[in-house]
> 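This is the structure, below, for whatever I ask next.
Every chain is numbered from 1, with letters handed out A, B, ... down the list of sequences.
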Amino acid sequence: MDYLARLNDEQRLAVETLDGPLLVLAGAGTGKTRVLTTRFAHILLTKRAWPSQVLAVTFTNKAAREMRERIAAMLGSKVEGLWLGTFHALGARMLRRHAALAGLEPGFSILDTDDQLRLLKPLMQEAGLDLHRFPPPALMGRIQRWKDRGLTPSRVTPADDDTDFAQGKARALYASYQERLASVNAVDFGDLLLHATELLRNHPDVLAEYHRSLRYILVDEYQDTNLVQYLWLRLLAQAHRNICCVGDDDQSIYSWRGAEVENILRFEQDFPGARVVRLEANYRSTAPILAAAAALISHNEGRLGKTLRPGREGAEGEKVAVIGLRDSDEEARMVGQRIEALRREGNSLAEVAILVRASFQTRAFEERLIAWAIPYRVVGGLRFYERAEIRDAVAYLRATLRPGDDLAFERVLNVPKRGLGDAALRRLRETARAQGVPLAGAAEALGGRTGEAFTRLVAGFARWRETLRRDGPVLCLREILDESGYLEMLEKDRSPEAPGRVENLKELGRALAEFETLEGFLDHVSLVMENDENAAGDRVSLMTLHGAKGLEFDTVFLPGWEDGLFPNQRALEEGGAKALEEERRLAYVGLTRARLRAIVSHVASRRFYSGWQPAYPSRFIDELPEDRVEHSGSTMLEREAALSAPAVFASVFPSPVRLPRVRDVPEAGGRNARAAPIAVGARVFHQKFGYGEVMESEGDRLVVRFENQERPKSLISSYVEPA
DNA sequence: CGTCGTCTTATTTTT
DNA sequence: TAAGACGACG
């Protein structure tokens, strides 16, 4: 039992409290994952259950993988047959087992966002809606929210559909959307859990079967569960009630995706007799960082209440830096310089992260990092499955496997170009509908050149189907890519992305080789597969705050702490006071990612759309404890902006009026101060305009005549560098 | 059917 | 500003 000895008292309690409902409130950096995996291993090692009798749910594939690896490490061998995965993957697994009971055929497809919209759009048109006034993605979002709440079309009440969105047709459209899905034997992402839950609700025998087989349930990141996930869990836990949920209400940041913090706040009522264990000893961050995070989050109401305390004695460290700067370029320069300095001191770049509120902020940093040859990676962005070439290849595979998969067929119909455009597709749809056959079955009906192209494609699919049957999926994919002309299309493509796309397809082929059946692989691709290209290497990580949850770094830069951007104005408009608290939790998540140092920055002027807009320090900065924070930077500009400009963000929750802070002294060494003003006659360099000569100079404004520009340009001096 | 130019609209996005 | 969507034209 030496694995128990490695835990502190509270962690140990969380691991050993095995019977009955348990809520583990795990503050940031308190060893949440360790508790979860140790608990899992403990259940197995004490022979309380077999691996197949424990259900462990996470939100991300990454978390699931990490858990799997750590359990294997603890047990000394890989464990098979675990019910361990994301909510969606487990939902899919259940649904495949009982497809017929959910009104599906066993080989149903899982649709991506494109497919969903392609299905919904025509329905909206038929309903006579103006798609400009009611954009399909907006309706899709509403449907998704209903699904998050476990509402099938028949369960949606008028109260759930209280706006006149889509002229009151939203509910009806939801119903017909679900019908269309069923008719093409497909589900969307939200359906995986909705159907799985309905399945358990409507079939007591199936539920009883799971009650018999699943004795323990472990849930990670419980604060991010939505209602349907909660219902699913509750159904499964009903009988034995051995459910252990781990989470942190202070890190709930996905309400806009349907997550309900209430789930965690309500846990003790939902599961009477529940025990609660708090993990509060933080082994990650220095005392100032912890104190700053704690002070910040204390401004939220309705918390379950936890206080992070340093897990180690003497974990003093640098104060949290708060730096005011002129604009985002200067902010990027400051960050770049500090990263340079860290690198010179021998720090690993993999231990540095820049965490932004909104993805557009990454650009300024990318430019700076490229210019200074600092390796970085942008985390997040497109997932493997979301890449066009992967979707195309998958659609080819889907249409090969399932002749009736019209959505897949439609997607690849004209990729590569075969002269089959909108008009042809429309005729094809009509014929197919009239004859009651899938699109691919209607090809012969069309005459002329279009018909020929169609027939050729359909013949191709027949051939590939034969290859799939005879030689398996790998050869089939190769044949598809060759014979369809897809690979040729990419090879002819001279754009810089093309080689990467070819590479991605190769990667797809390699992954495919690991699977016995194409069906299994298709699920893997849409539910699990991720792209981990450039994951390795000593690089700075650049990502959104949302993307950073669960990660930690020695050094964390938190730029853009300005009212309007962070807390985000749009979020506040939509979600009111609750949204402000969620933004604050996001700030808390950001701060607690840092082990040794956190650098918060804000600028006086930020670029929005076209022009520059004055910006004000985030109210969150005021909520940091003065004695743990060190302010620096050019606040003169901040004051100027504050005094001269009208409020940019007419906030529903106005930031308190602030007095200009008296701390105009630039940081020692003038790191953030501009070099001497650029003199008239100086030669300068501009990213876009190239080299030029300064004609006039006043304050930070310059007039420059560039060599390859006819007219002199007026610009701000921070845009040019002395040449 | 494909290309070019104009118009439009700018958060976060685990699956 | 700058990328993506859409409609008019060739």
> Just jot down the side-chain contact (heavy atoms from CB on, under 4.5 Å) partners of Pro416(A), sequence neighbours excluded, or say none.
Tyr396(A), Arg418(A), Tyr486(A), Met489(A)
> Under 5.5 Å between ring centres and under 30° between planes: true for Phe87(A) and the base of dT15(B)?
no
> I'd like to check the side chain to side chain donor-acceptor pair (under 3.5 Å) partners of Glu488(A); sequence neighbours left out, ordered by chain and number.
Lys492(A)
> For Asp249(A), give me all partners under side chain to side chain donor-acceptor pair (under 3.5 Å), at least two apart in sequence or on another chain.
none
> Mind checking Lys417(A) for me? I need base, sugar-phosphate or nothing, with any heavy atom below 4.0 Å counting as a touch.
sugar-phosphate
> I'd like the P distance from dA5(C) over to dT12(B), given in whole Å.
16 Å
> Any side-chain heavy-atom pair from Tyr222(A) and Leu233(A) closer than 4.5 angstrom?
yes
> Can you sort out the partners of Arg584(A) under salt bridge (Lys or Arg N to Asp or Glu O under 4.0 Å), two or more places apart, ordered by chain and number?
Glu623(A)
> Are the side chains of Val556(A) and Leu355(A) in touch, meaning some heavy atoms are under 4.5 Å apart?
yes
> If I take atom CG in residue Asn568(A) and atom C1' in nucleotide dA10(B), what distance separates them, rounded to the nearest angstrom?
12 Å
> Not counting sequence neighbours, which residues clear salt bridge (Lys or Arg N to Asp or Glu O under 4.0 Å) with Arg70(A)? List them please.
Glu66(A)
> State whether the distance check finds a donor on one side and an acceptor on the other, under 3.5 Å, for side chain Arg357(A) versus base dT12(B).
yes
> To the nearest Å, give me how far apart CH2 (Trp256(A)) and C1' (dT12(B)) are.
5 Å
> For Phe59(A) and dT12(B), what is the distance between atoms CZ and P respectively, to the nearest whole Å?
21 Å
> Mind checking Ala571(A) for me? I need base, sugar-phosphate or nothing, with any heavy atom below 4.0 Å counting as a touch.
base
> Among the nucleotides dT15(B), dT11(B), dT12(B), which one has an atom lying closest to any side-chain atom of Arg570(A)?
dT11(B)
> Whole angstrom is fine here: how far is it from CD in Glu573(A) over to C1' in dT11(B)?
12 Å
> For DNA chain B, which residues in residues 186-195 of chain A have a heavy atom at a distance below 4.0 Å?
Phe189(A)
> Report the distance from atom CD of Gln144(A) to atom P of dT13(B), rounded to the nearest whole Å.
17 Å
> Just the rounded figure in Å: distance from P of dC1(B) to CD of Glu452(A).
15 Å
> Remember a base hit wins even if backbone is also touched, and classify Asn414(A) as base, sugar-phosphate or nothing at under 4.0 Å, heavy atoms.
sugar-phosphate
> Quick one: label Ser359(A) by what it contacts on the DNA or RNA (base, sugar-phosphate, nothing), any heavy atom closer than 4.0 Å.
sugar-phosphate
> Between P on dC1(B) and CZ on Arg427(A), what's the gap in Å once rounded to a whole number?
9 Å
> Find the distance Asp148(A):CG to dT15(B):P and express it as a whole number of Å.
15 Å
> For Phe360(A) and for Leu527(A), find the nucleotide of DNA chain B with the closest heavy atom, then tell me which residue's nucleotide is more 5'.
Phe360(A)
